[in-house]
*Asks:* 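Before we start, here is the structure in question, set down as structure tokens.
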Amino acid sequence: MAPEPETMPISVDFLGGLDTLFSNKTSHTISLPLLNPSDSSPANVGFLISYLVKHHLKHPRTEFFVQGDGHLTPGILVLINEADWELEGEEECELKAGDKVVFVSTMHGG
């Protein structure tokens, strides 16, 4: 049996209705593997997104969070330690223990 991967604590918040996709819970603290098991690269936001979908997304309509190619659905703002992820490298931004990632839906029904 393979040993458990080393992990790091990451705080993740889902706002603007995204919490309904994640057990109706706004704030989560997850233990994210330090390395992406598919290529042994350091954990980044892209890996976090796929990890969240695989292990924490509890709603059958995954398209509200990710598209078929695994990228975030348009209209979701991402903040990494209170900075827009576009300034941090988007999905390529490497994560560190204690980072806070916030996903905010800007899409509202009417």
Side-chain angles (χ1 to χ4, degrees):
M1 192 160 120
E4 288 291 318
E6 284 191 67
T7 62
M8 62 180 157
I10 300 288
S11 296
V12 181
D13 287 353
F14 300 100
L15 305 175
L18 290 175
D19 58 310
T20 61
L21 305 176
F22 293 89
S23 303
N24 290 313
K25 231 176 112 183
T26 301
S27 296
H28 299 254
T29 299
I30 65 165
S31 295
L32 186 69
L34 290 173
L35 301 175
N36 182 337
S38 67
D39 61 9
S40 297
S41 64
N44 60 22
V45 176
F47 172 58
L48 171 65
I49 292 167
S50 65
Y51 186 86
L52 289 169
V53 169
K54 184 175 182 181
H55 298 282
H56 295 276
L57 184 66
K58 302 299 182 195
H59 196 281
R61 303 283 306 268
T62 59
E63 69 273 14
F64 292 142
F65 187 64
V66 292
Q67 299 174 321
D69 60 2
H71 293 288
L72 277 182
T73 299
I76 296 177
L77 172 69
V78 182
L79 301 174
I80 303 165
N81 299 321
E82 300 183 12
D84 189 330
W85 78 327
E86 291 178 0
L87 303 173
E88 303 294 330
E90 296 183 349
E91 292 178 351
E92 300 304 316
C93 176
E94 288 186 18
L95 296 170
K96 301 176 297 307
D99 279 350
K100 182 172 184 170
V101 181
V102 179
F103 296 92
V104 183
S105 175
T106 61
M107 305 301 287
H108 300 282

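Reckoned from all heavy atoms, side chains included, excluding hydrogens, waters and symmetry mates.
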*Asks:* When you group the ILVMFWY residues by side-chain heavy-atom contacts below 4.5 Å and let the links chain together, are Val102 and Leu48 in the same group?
*Replies:* no
*Asks:* Do Phe14 and Ser105 have side chains that get closer than 4.5 Å, going by heavy atoms?
*Replies:* no
*Asks:* What's the spacing between Asp99 CG and Glu94 CD if we round to 0.5 Å?
*Replies:* 10.5 Å
*Asks:* Can you tell me how far apart CD1 (Ile10) and NZ (Lys96) are? Round to the nearest 0.5 Å.
*Replies:* 8.5 Å
*Asks:* How close do Tyr51 and Ser31 get, heavy atom to heavy atom, and via which atoms?
*Replies:*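 Reported closest heavy-atom pair: OH-O, 3.3 Å.
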*Asks:* Report the distance from atom NZ of Lys25 to atom OG1 of Thr20, rounding to the nearest 0.5 Å.
*Replies:*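 The NZ atom of Lys25 sits 15.0 Å away from the OG1 atom of Thr20.
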*Asks:* I need the minimum non-hydrogen distance between Leu95 and Met8, along with the two atoms involved.
*Replies:* O-CE, 3.5 Å
*Asks:* If I take atom OG from residue Ser50 and atom NE2 from residue His55, how far apart are they, to the nearest 0.5 angstrom?
*Replies:* 8.0 Å
*Asks:* Tell me, do Phe65 and Ile49 make a side-chain contact under 4.5 Å, heavy atoms counted?
*Replies:*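 Sidechains of Ile49 and Phe65: in contact.
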*Asks:* Write down the atom of Ala43, the atom of Pro33, and the distance for their closest heavy-atom approach.
*Replies:*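 Looking at all heavy atoms of both residues, the shortest contact is CB-O, 3.4 Å.
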*Asks:* Shared ILVMFWY cluster between Leu15 and Val66, side chains joined below 4.5 angstrom?
*Replies:* no
*Asks:* Quick check: closest heavy atoms across Thr29 and Ser11, and the distance to 0.1 Å?
*Replies:* OG1-OG, 4.3 Å
*Asks:* Could you pull out the closest heavy-atom pair between Phe64 and His59, with the gap in Å?
*Replies:*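 That would be CE1-CE1, 4.2 Å.
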*Asks:* Do Thr26 and Asp13 have side-chain atoms, one donor and one acceptor, less than 3.5 Å apart?
*Replies:* no
*Asks:* Is there a continuous path of hydrophobic side-chain contacts, each under 4.5 Å between heavy atoms, that joins Leu18 to Ile30?
*Replies:* yes
*Asks:* Does atom CD of Glu82 have more than 12 heavy-atom neighbours, drawn from other residues, nucleotides or ligands, at distances under 6.0 Å?
*Replies:* no
*Asks:* Applying a strict under-4.5 Å side-chain criterion to I, L, V, M, F, W and Y, I'd like to know whether Leu57 and Val104 cluster together.
*Replies:*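 No, it is not one cluster - the side chains of Leu57 and Val104 are not joined through contacts under 4.5 Å.
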*Asks:* Kindly give the heavy-atom pair with the smallest separation between Ser23 and Lys58, and that separation in Å.
*Replies:* OG-CG, 3.1 Å
*Asks:* Under 4.5 Å between side-chain heavy atoms, hopping through other hydrophobics if needed: is there a path connecting Leu79 to Leu72?
*Replies:* no
*Asks:* Which one of Ile80, Asn81, Asn44 satisfies the side-chain contact (heavy atoms from CB on, under 4.5 Å) criterion with Glu88?
*Replies:*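 With Glu88 as partner, side-chain contact (heavy atoms from CB on, under 4.5 Å) holds for just one option, Ile80.
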*Asks:* Would you say the side-chain atoms of Ser41 pair up with the backbone N or O of Asn36, donor to acceptor, closer than 3.5 Å?
*Replies:*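 No, because the side chain of Ser41 does not come within donor-acceptor range (under 3.5 Å) of the backbone of Asn36.
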*Asks:* Measure the CG-OG1 distance between Leu32 and Thr7 for me, rounded to the nearest 0.5 Å.
*Replies:*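 Interatomic distance, Leu32 CG to Thr7 OG1, rounded to 0.5 Å: 8.0 Å.
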*Asks:* Determine whether Leu52 and Phe103 make a side-chain contact, defined as any pair of heavy atoms from C-beta on separated by less than 4.5 Å.
*Replies:*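 Yes, close enough: below the 4.5 Å cut-off.
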